[in-house]
Amino acid sequence: MTTPKLWLVVPAAGIGQRMQAECPKQYLRINSRFILDITLSRLLDSVPFSGCMVALNSADHWWPDTGASADRRIQTCTGGTERSDSVRAALLALAEQVAEDDWVLVHDAARPCVHPGDLHKLVETLSDHPVGGLLAAPVADTLKKVGKGTNPEVLETVDRGHLWRALTPQMFRYRMLVNALERAHESGHRVTDESSAMEFSGNMPLLVEGRPDNIKVTVPADLDLAGFILSRF
Ligand SMILES: Nc1ccn([C@@H]2O[C@H](COP(=O)(O)OP(=O)(O)OP(=O)(O)O)[C@@H](O)[C@H]2O)c(=O)n1
Ligand SMILES: C[C@](O)(CO)[C@H](O)COP(=O)(O)O
């Protein structure tokens, strides 16, 4: 019985609309380094991955200027319209290299603050789990449900007792994840993370508590926050 390998998929084909920046947010800089370079180096320096596939936008002209583009461990493919399309494209691009039961960790390019300790905790916790799982953090704020209009008036306060925020990496077996994403896609079931696809296929991924500072750079204020977090470790 061979030991399953670890593979990394990084969806980096978004346009960062909510960031309202002059370039896709994965190419904004923190301390002069591209966010994408920071994310990839933190992941590849922390976990012995057998390989890495980065999904890039077909219009991406920044990649050749990254440090990562010179890293022989990293391959690239063209992403898709939605994040899940980009992840599927990256998984299919790895098809000839990956064994069915190998583990794949999927991590957002826009999450540069992921902590090595959380990566080790995720891999160790899930290494013999039948399904896999994801880093997540318990909800710490009171949550309000609002109506559909543009004026967010409160409909109700949602019980947060059993609510967690999904983070990344999300870690699943290659074949199970490909099948789950294909099934969700073919069913027209829109998923915003890998766990949702696994759940749609009837699985119960395990949540592994991660640091709440593993933020996704999404809106302008997140850039300085990420810089501060990274300065602390
Ligand atoms: N079609 C897409 C959309 C998103 N992503 C990636 O998925 C991650 C999380 O998505 P999100 O934060 O939504 O990034 P964007 O889609 O770029 O942001 P926005 O929704 O503001 O445009 C990002 O690293 C993004 O590059 C991707 O690879 N392919
Ligand atoms: C995958 C994710 O980061 C987990 O919280 C999130 O679903 C990505 O959502 P986005 O709308 O693509 O940023």
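Worth knowing before you read on, the calculation uses all heavy atoms, side chains too, and leaves out hydrogens, waters and symmetry mates. For ligands, and for the atoms within them, numbers begin at 1 and follow the listed sequence. Throughout, numbering of the chain's residues begins at 1 and tracks the sequence.
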Verdict with supporting geometry, Leu134 and Val208, side-chain contact (heavy atoms from CB on, under 4.5 Å): CA-CA 6 Å; Leu134 60 149; Val208 178; over 6 Å; no
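- Taking all atoms of both residues into account, the shortest heavy-atom contact from Ala89 to Thr78 is CB-O, 3.5 Å.
- Scanning all protein heavy atoms for the shortest distance to atom 20 (O) of ligand 1 gives Arg18 NH2, 3.0 Å.
- Under the side-chain hydrogen bond (donor to acceptor under 3.5 Å, both in side chains) criterion, Arg88 pairs with Asp85, His185, sequence neighbours left out.
- Under 4.0 angstrom from ligand 1, the non-hydrogen atoms of Thr81 all belong to its backbone.
- Ranking the protein heavy atoms by distance from atom 22 (O) of ligand 1 puts Gln17 N, 2.8 Å first.
- Regarding atom 3 (O) of ligand 2, its nearest protein heavy-atom neighbour is Asp108 OD2, 2.5 Å.
- Residue Val9 comes nearest to Ala90 through the heavy atom pair CG1-CB, 3.6 Å, listed as atom of the first residue, atom of the second, then distance.
- Backbone and side-chain nitrogen or oxygen atoms of Asp193 are examined, and none is located within less than 3.5 angstrom of a nitrogen or oxygen of ligand 2.
- No more than 12 heavy atoms of other residues, nucleotides or ligands shown are found within 6.0 angstrom of CD on Gln17.
- Between Asp45 and Arg73, the closest heavy-atom pair is OD1-NH2, 4.1 Å.
- Residue, atom and distance of the protein heavy atom nearest to atom 12 (O) of ligand 2 are Arg83 CD, 3.7 Å.
- Of the protein's non-hydrogen atoms, the one nearest atom 9 (C) of ligand 1 is Asp108 OD1, 3.6 Å.
- Close N/O approach between Ala12 and ligand 1 is found [any backbone or side-chain N/O within under 3.5 Å].
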Residues Ser84, Arg190; criterion side-chain hydrogen bond (donor to acceptor under 3.5 Å, both in side chains); working and verdict: CA-CA 8 Å; Ser84 58; Arg190 187 171 180 272; over 6 Å; no
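- Ranking the protein heavy atoms by distance from atom 10 (P) of ligand 2 puts Arg18 NH2, 3.8 Å first.
- Rounded to the nearest 0.5 Å, atoms CG (Leu44) and OG1 (Thr39) are 10.5 Å apart.
- Within the 4.0 Å heavy-atom shell around ligand 2 one finds Arg111.
- Closest to atom 13 (O) of ligand 2, if we only count protein heavy atoms, is Lys216 NZ, 2.6 Å.
- The environment of Lys5 atom NZ is sparse: at most 12 non-hydrogen atoms of other residues, nucleotides or ligands sit within 6.0 angstrom.
- Distances below 4.0 Å separate heavy atoms of Ala110 from the following atoms of ligand 1: 24 (O).
- For atom 14 (O) of ligand 1, the candidate residues are Lys25, Gln26, Arg83; the nearest heavy-atom contact is made by Lys25.
- Summary of contacts: the protein heavy atom closest to atom 28 (O) of ligand 1 is Ala13 N, 2.9 Å.
- At the top of the distance list for atom 5 (O) of ligand 2, counting protein heavy atoms only, stands Ala166 O, 2.7 Å.
- Closest protein heavy atom to atom 16 (O) of ligand 1: Gly14 CA, 4.1 Å.
- With values rounded to the nearest 0.5 angstrom, Phe172 atom CZ is found 8.0 Å from Asn203 atom CG.
- For Asn31, the CG atom is loosely surrounded, since the number of other residues' heavy atoms within 6.0 Å does not exceed 12.
- Geometrically, ligand 1 and Thr218 share no nitrogen or oxygen pair separated by less than 3.5 Å.
- By the criterion of a heavy-atom distance under 4.0 Å, neither the backbone nor the side chain of Arg165 is placed next to ligand 2.
- For ligand 1, the polar-atom distance check finds an N/O of Pro11 within less than 3.5 Å of one of the ligand's N/O atoms.
- At under 3.5 Å, not a single nitrogen or oxygen of Val217, backbone or side chain, sits near a nitrogen or oxygen of ligand 1.
- The heavy atom nearest to atom 17 (O) of ligand 1, out of those in Ala90, Ser84, Gly16, Ala21, is found in Gly16.
- Those atoms of ligand 1 that come under 4.0 Å of a heavy atom in Gly80, given as number and element, are 1 (N), 2 (C).
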Verdict with reasoning, Asn179 to Arg183, per side-chain hydrogen bond (donor to acceptor under 3.5 Å, both in side chains): CA-CA 6 Å; Asn179 290 349; Arg183 178 174 177 177; over 6 Å; no
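- Looking from atom 7 (O) of ligand 2 to the surrounding protein, the closest heavy atom is Thr192 O, 2.8 Å.
- Close approach of ligand 1 to Ser86 (heavy-atom distance below 4.0 Å) involves ligand atoms 1 (N), 2 (C), 27 (C), 28 (O), 29 (N).
- Between the side chains of Ser86 and Glu82, not a single donor N or O lies within less than 3.5 Å of an accepting N or O.
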side-chain hydrogen bond (donor to acceptor under 3.5 Å, both in side chains) assessment of Asp65 paired with Tyr27: CA-CA 10 Å; Asp65 297 331; Tyr27 293 110; over 6 Å; no
